[in-house]
Amino acid sequence: MSGAFLSETDVECALGPVLPREFYLRPTVEVAQALLGQLLVHQQPEGLTAGLIVETEAYLVGDPGSHAWRGRTVRNAAMFGPPGTIYTYRIYGVHWCVNLVTQPEGVPEAVLIRALEPVAGIELMRRRRGVARLQDLCSGPARLCQALGITDALNWGDITSPPLWVADTGRPPGQVCVGTRIGLPIGKGHEAPLRFGLAGSPFLSRKFAD
DNA sequence: CACTCGATGTTCT
DNA sequence: GAACATCGAGTGG
């Protein structure tokens, strides 16, 4: 596929209506599940990339696994923004991850996007990722950010408008798997059932225990 | 397949 | 100094 630059209208027609701010202003666990099956889209001059959200995690107030657990810092400030705020952070000093804020300003809850099924701009994703297999392009929170070109530049941005938004596919999520969150140390909320995925998707970062 | 390890910004001890 | 919402290269079965 060529790197044609679609207008906002073209994109909206092709990919469905943009999910509005009210979509995110619900209990965070509900948003994390409702996002499954919807389309994350990044529109840039070098091309448009998009993928179906197949895996998410919820991070809550009073949650020792959350970056906001010890209060506001320079890094996590976007988590305290209004619903629909984009929170990006650098992990292990090398990769980017992206979250969407779900609560009113001052209440730091968010959904981490953990995996996508590639849908649009797949050749651009392959160039950015340096891998060919479809299953390796977006199956992890840092992988999908590299594939879509998501960086710190989007931190504090608004997920309800370009350049990064979620399009409503109009499809029900299908069967949702629930599990424990990935990568959290013992005693830091690692047991909480706050990871969600589309059952049977080959694009998950890891399989769910049955 | 399982496991180890290096990359290194931000936060905490 | 150590730990961390990770990934990919390397080793060994």
Side-chain angles (χ1 to χ4, degrees), chain A residues 24 28-29 31-33 35-36 40 49 51 53-81 85-103 107-118 125-157 159 164 166 176-198 201-210:
Chain A
Y24 301 94
T28 303
V29 165
V31 176
Q33 295 177 72
L35 280 168
L36 298 174
L40 182 66
T49 46
I53 299 171
V54 299
E55 184 182 337
T56 59
E57 281 178 358
Y59 287 86
L60 310 176
V61 165
D63 171 4
S66 170
H67 286 171
W69 187 48
R70 295 166 196 277
R72 185 170 176 145
T73 64
V74 172
R75 177 178 67 159
N76 70 20
M79 284 189 80
F80 293 77
T85 299
I86 298 165
Y87 166 47
T88 61
Y89 67 94
R90 203 198 277 280
I91 186 170
Y92 293 95
V94 263
H95 307 295
W96 297 105
C97 295
V98 64
N99 296 256
L100 309 180
V101 173
T102 59
Q103 300 297 295
V107 182
E109 299 201 347
V111 174
L112 171 69
I113 310 297
R114 281 198 59 91
L116 306 176
E117 173 176 342
M125 291 184 187
R126 286 197 169 109
R127 285 200 297 277
R128 284 169 168 166
R129 292 273 302 121
V131 295
R133 287 176 66 229
L134 217 51
Q135 300 97 304
D136 294 333
L137 291 179
C138 301
S139 56
R143 290 175 174 183
L144 72 90
C145 283
Q146 187 180 23
L148 268 63
I150 293 171
T151 70
D152 203 29
L154 291 171
N155 193 38
W156 271 111
I159 195 59
L164 185 71
V166 180
V176 175
C177 291
V178 181
T180 56
R181 296 176 295 184
I182 307 289
L184 297 189
I186 311 290
K188 296 267 188 174
H190 71 291
E191 299 174 318
L194 295 174
R195 174 178 176 236
F196 306 98
L198 281 188
S201 170
F203 298 96
L204 300 173
S205 68
R206 299 195 197 176
K207 303 206 180 223
F208 283 78
D210 299 298

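Nothing here was measured: the structure is a model prediction, and the numbers come from that model. Just so we're on the same page: letters track the sequence lines, and every chain starts at 1.
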Separation between CD1 (I182(A)) and CG (L112(A)), nearest 0.5 Å, reads 10.5 Å
Can you find a heavy atom in the side chain of L35(A) that is under 4.5 Å from one in the side chain of L40(A)?
-> no
With sequence neighbours left out, the residues meeting salt bridge (Lys or Arg N to Asp or Glu O under 4.0 Å) with R128(A) are E46(A)
Applied to residues 56-65 of chain A, the side chain to side chain donor-acceptor pair (under 3.5 Å) test, sequence neighbours excluded, yields E57(A)-Y59(A), D63(A)-R181(A)
Under the rule of Watson-Crick or G-U wobble with both distances under 3.5 Å, where | means paired to another strand and [ ] a crossing pair, DNA chain C maps to ||||.|||||||.
Outermost contacting nts on DNA chain C, any atom under 4.0 Å from chain A heavy atoms, listed 5' then 3', are dC4(C) to dG8(C)
Within residues 140-149 of chain A, those residues having any heavy atom closer than 4.0 Å to DNA chain C are G140(A), P141(A), A142(A), R143(A)
Compare all side-chain heavy atoms of N99(A) with those of I86(A) and state whether any distance is below 4.5 angstrom.
no
Margin query: At 4.0 Å (heavy atoms only), tell me whether R206(A) reaches a base, stays on the sugar-phosphate, or touches nothing.
Written below: nothing
Whether each nucleotide of nucleotides 8-13 of chain B has a protein heavy atom under 4.0 Å at its base (B), only at its sugar-phosphate (S) or at neither (-) is summarised, 5' to 3', as BSSSSS
Comparing N99(A) with R129(A), nearest DNA chain C nucleotide closer to 5' gives the residue N99(A)
Contacts satisfying side chain to side chain donor-acceptor pair (under 3.5 Å) that involve residues 182-195 of chain A (not counting sequence neighbours) are E55(A)-R195(A)
With sequence neighbours left out, the residues meeting side chain to side chain contact (heavy atoms under 4.5 Å, CB included) with A153(A) are T151(A)
Residue set satisfying salt bridge (Lys or Arg N to Asp or Glu O under 4.0 Å) with R129(A), at least two apart, ordered chain then number -> none
TODO: Give the intermediate values and the outcome of side-chain contact (heavy atoms from CB on, under 4.5 Å) for residues Y87(A) and V98(A).
DONE: CA-CA 6 Å; Y87(A) 166 47; V98(A) 64; over 6 Å; no
>> In whole Å, measure the gap between the C1' atoms of dA5(C) and dA2(B) for me.
In response: 23 Å
Contacts of T102(A) meeting side chain to side chain donor-acceptor pair (under 3.5 Å) (sequence neighbours excluded), chain-then-number -> T28(A)
*dG9(B) and dA9(C), which share atom name C1', separated by this distance in whole Å*: 22 Å
Side-chain (N76(A)) to main-chain (T73(A)) donor-acceptor, under 3.5 angstrom: yes
Residue set satisfying ring-ring contact (aromatic ring centres under 6.0 Å, His included) with F208(A), at least two apart, ordered chain then number -> none
Check every strand shown and say whether G65(A) touches a base, only sugar-phosphate, or nothing at a heavy-atom separation below 4.0 Å. base
Judged by nearest nucleotide, the residue sitting upstream toward the 5' end of DNA chain C, A110(A) or D136(A), is A110(A)
The complete set of salt bridge (charged side-chain N to carboxylate O under 4.0 Å, His left out) pairs with one or both residues in residues 131-151 of chain A, sequence neighbours excluded, reads R133(A)-D136(A)
